[in-house]
Each structure stands twice: as structure tokens, then as C-alpha cells.
J.: 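Here it is: the structure, laid out below.
Numbers for residues simply follow the sequence, beginning at 1.
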Amino acid sequence: PLRAGFRDHLVRLLSLTAEMSSDLTWLIVRSNSSFLVKRNGVQFSSEPGNLTNKNTFKFSNLANKKAVGLVANPEGGVILSVKSKKGSNARKPASLYNKVTLKKDFRRVAKSISNATAGDYYRPDLKQAALARWSAIHLSQKKAAAGISKKPKAKRGARK
């Protein structure tokens with residue numbers, strides 16, 4: 001769930017980008033965005049749908065007409081969101097993304113992600129980033145489900 005002010009800001013940005021070219025949108029958004037995070041001379045982006053959280057045109061969900069996003073599902077698996085190809089949805093933020101929940105095993109979800117990005121020539125350049133994100137999400141869900149257990153430390157001087 002997004003905060004109310006954050007959601008309203010995102011809706012305004014998305015409605016503006018429907019009318020502008022992606023290059024013009026990037027020129028505006030790249031240095032002036034509420035999603036921009038600067039740490040140690042590096043610029044990151046906290047916008048939803050950015051696969052690597054880098055502030056670059058390639059991964060920007062706001063500037064690109066075609067975007068892919070992966071979010072962890074609370075019940076396990078991942079939610080794959082792809083920008084709608086229909087032009088009539090450009091000004092409707094609620095229906096701008098086609099969202100699919102993927103809950104199968106690791107291999108099948110990876111195949112679905114690669115088909116959604118590179119399989120139908122949507123954004124083949126984002127395939128590796130999307131698969132890396134899925135791998136990280138899957139690993140975090142496995143650790144959360146199993147619980148992290150530490151090995152007990154050996155007592156000093158107790159050798160066998």
C-alpha cells in the first residue's frame with residue numbers, strides 16, 4: 001500500500017508522461033524527482049517498478065513507455081507488472097499496468113518473467129535485471145520462511 005500523498009504524486013506524474021515523449025520526460029525527471037535518492041555521490045531511484053533502483057533512463061518506470069516491475073507478494077511469489085499496451089489506458093493510472101501474480105516454483109516464475117520481457121520482444125534489455133530481482137526476492141522469501149538459525153559457538157578450551 002502506498003502512502004496517500006505519494007500515490008497522488010505518482011498519479012500526477014503518470015498522467016503528465018502520457019502526453020510527453022519519453023526523452024522529454026526523462027530530462028525533467030532525472031534530476032528533479034521525489035523518488036531521487038543521492039548517497040555517496042551515486043544517484044538511486046525509489047520509484048516503483050525500477051528493477052535495479054538506479055536513476056537511469058533504461059530502468060526508469062516513469063520515463064519509458066514500456067516498463068517492467070517486480071514486487072514481492074506477501075503470500076509468497078512475486079507480482080509482475082507490465083505497462084499496458086493499450087493507448088486508452090495512458091491517462092488511467094489504475095489500469096495503466098497489467099499485474100500478474102506468479103506463485104509457482106523458481107524455474108516456472110523465471111520462465112514467465114523471461115517470456116514477459118524478452119519472449120514477446122517487449123523489453124529484452126530488462127530480462128537479466130528482472131531475473132536478478134526475482135532471484136533476490138525468492139532468496140529473501142526462502143530465508144523468511146525457514147527462519148535464520150545460527151550455529152552455536154563452541155566453548156573456549158573445549159576441544160574434542
J.: Quick one: pull up OG1 in Thr52 and CZ in Phe44 and give me the separation to the nearest 0.5 Å.
T.: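 Interatomic distance, Thr52 OG1 to Phe44 CZ, rounded to 0.5 Å: 9.5 Å.
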
J.: Would Ile113 end up clustered with Tyr97 when hydrophobic side chains under 4.5 Å apart are linked, directly or stepwise?
T.: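 No, Ile113 does not connect to Tyr97 through the hydrophobic network.
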
J.: How close do Ser84 and Asn98 get, heavy atom to heavy atom, and via which atoms?
T.: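 Heavy atoms only, the tightest pair is CA-ND2, 3.9 Å.
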
J.: Give the cluster check for Val37 versus Val42: same hydrophobic cluster or not, with ILVMFWY residues linked at side-chain heavy-atom distances below 4.5 Å.
T.: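 Cluster IDs for Val37 and Val42 match.
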
J.: Who else is in the cluster with Val71 when I, L, V, M, F, W and Y are joined by side-chain contacts under 4.5 Å?
T.: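 Hydrophobic cluster check, Val71: no partners found.
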
J.: Among residues at least two apart in sequence or on other chains, which ones pass side chain to side chain contact (heavy atoms under 4.5 Å, CB included) with Phe57?
T.: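 Counting only residues at least two positions away or on another chain, Phe57 forms a side chain to side chain contact (heavy atoms under 4.5 Å, CB included) with Ser22, Asp23, Trp26, Ala63, Asn64.
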
J.: Can Leu126 be reached from Leu102 by stepping across I, L, V, M, F, W or Y side chains whose heavy atoms are under 4.5 Å apart?
T.: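 Same cluster.
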
J.: Can you list the residues that meet the side chain to side chain donor-acceptor pair (under 3.5 Å) rule with Gln128, with sequence neighbours excluded?
T.: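 If we apply the side chain to side chain donor-acceptor pair (under 3.5 Å) test to Gln128, skipping adjacent residues, there are no hits.
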
J.: Please check this pair: side chain of Ser33 against backbone of Arg30, looking for a donor-acceptor N/O pair closer than 3.5 Å.
T.: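 Not at all, since once roles are kept as given, no pair shorter than 3.5 Å links the two residues.
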
J.: Could you grab the distance from atom CG of Asn115 to atom NZ of Lys127, nearest 0.5 Å is fine?
T.: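 Taking CG in Asn115 and NZ in Lys127, the distance rounds to 8.5 Å.
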
J.: Quick check against the 3.5 Å criterion: does Ser112 have a side-chain atom that pairs as donor or acceptor with the backbone of Arg108?
T.: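 Looks like yes, one N/O pair under 3.5 Å.
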
J.: Could you tell me which non-hydrogen atom of Ala116 sits nearest to which non-hydrogen atom of Leu80, and how far apart they are?
T.: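 In this case the closest contact between Ala116 and Leu80 is CB-CD2, 3.6 Å.
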
J.: Say you draw a straight line from CG of Leu139 to CD of Gln141; how long is it, rounded to the nearest 0.5 Å?
T.: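 Spacing of CG (Leu139) from CD (Gln141) equals 10.0 Å.
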
J.: Testing the basics here: between Asn50 and Asn61, what is the closest heavy-atom pair and its distance to 0.1 Å?
T.: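 Nearest pair, atom of Asn50 first, then Asn61: N-CB, 4.5 Å.
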
J.: Quick check for you: to the nearest 0.5 Å, what is the distance between Lys83 atom NZ and Tyr122 atom OH?
T.: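 The NZ atom of Lys83 sits 7.5 Å away from the OH atom of Tyr122.
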
J.: Suppose the criterion is ring pair (Phe, Tyr, Trp, His ring centres under 6.0 Å): which pairs have a residue in residues 125-147, not counting sequence neighbours?
T.: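 Ring pair (Phe, Tyr, Trp, His ring centres under 6.0 Å) check on residues 125-147 returns Phe106-Trp134, Phe106-His138, Trp134-His138.
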
J.: Who pairs with Asn32 by side chain to side chain donor-acceptor pair (under 3.5 Å), at least two apart in sequence or on another chain?
T.: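 With sequence neighbours excluded, Asn32 shows a side chain to side chain donor-acceptor pair (under 3.5 Å) to no residue whatsoever.
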
J.: For a side-chain contact (heavy atoms from CB on, under 4.5 Å) check, start with the C-alpha distance between Lys65 and Arg123, then their side-chain angles and the critical distance, and finish with the verdict.
T.: CA-CA 10 Å; Lys65 299 289 183 198; Arg123 284 290 301 270; over 6 Å; no

J.: Report the distance from atom OG of Ser46 to atom CG of Asn55, rounding to the nearest 0.5 Å.
T.: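 The CG atom of Asn55 is 9.5 Å from OG of Ser46, to the nearest 0.5 Å.
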
J.: Is it the case that the side chain of Ser60 and the backbone of Thr56 share a donor-acceptor pair, with hydrogens and angles ignored and the cut-off at 3.5 Å?
T.: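 No, the answer is negative, given that no donor and acceptor are paired below the 3.5 Å cut-off.
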
J.: Could you go step by step and tell me if Phe35 and Leu62 meet the side-chain contact (heavy atoms from CB on, under 4.5 Å) rule?
T.: CA-CA 10 Å; Phe35 302 112; Leu62 298 173; 3.8 Å; yes

J.: Can you get from Val109 to Val68 by hopping between Ile, Leu, Val, Met, Phe, Trp and Tyr side chains that sit under 4.5 Å apart?
T.: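 Yes: a chain of side-chain contacts under 4.5 Å links Val109 to Val68.
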
J.: Nearest 0.5 angstrom please: Ser81 OG to Leu96 CG, how far?
T.: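 Reported to 0.5 Å precision, the distance equals 9.5 Å.
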
J.: If you compare all heavy atoms of Ser31 against all heavy atoms of Leu36, which two are closest, and at what distance to 0.1 Å?
T.: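 Minimum heavy-atom separation between Ser31 and Leu36: O-CD2, 3.7 Å.
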
J.: How far apart are the closest heavy atoms of Ile137 and Gly77, and which atoms are they?
T.: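 Answer, listing the atom of Ile137 first, then Gly77: CG2-O, 4.2 Å.
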
J.: Would you please name every residue forming a side chain to side chain contact (heavy atoms under 4.5 Å, CB included) with Asn73, sequence neighbours left out?
T.: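 Result, side chain to side chain contact (heavy atoms under 4.5 Å, CB included) vs Asn73: Glu75, Ile79, Thr101, Lys103.
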
J.: Which heavy atom in Leu131 sits nearest to a heavy atom in Ala110, and how many Å separate them?
T.: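 That would be CD2-O, 3.5 Å.
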
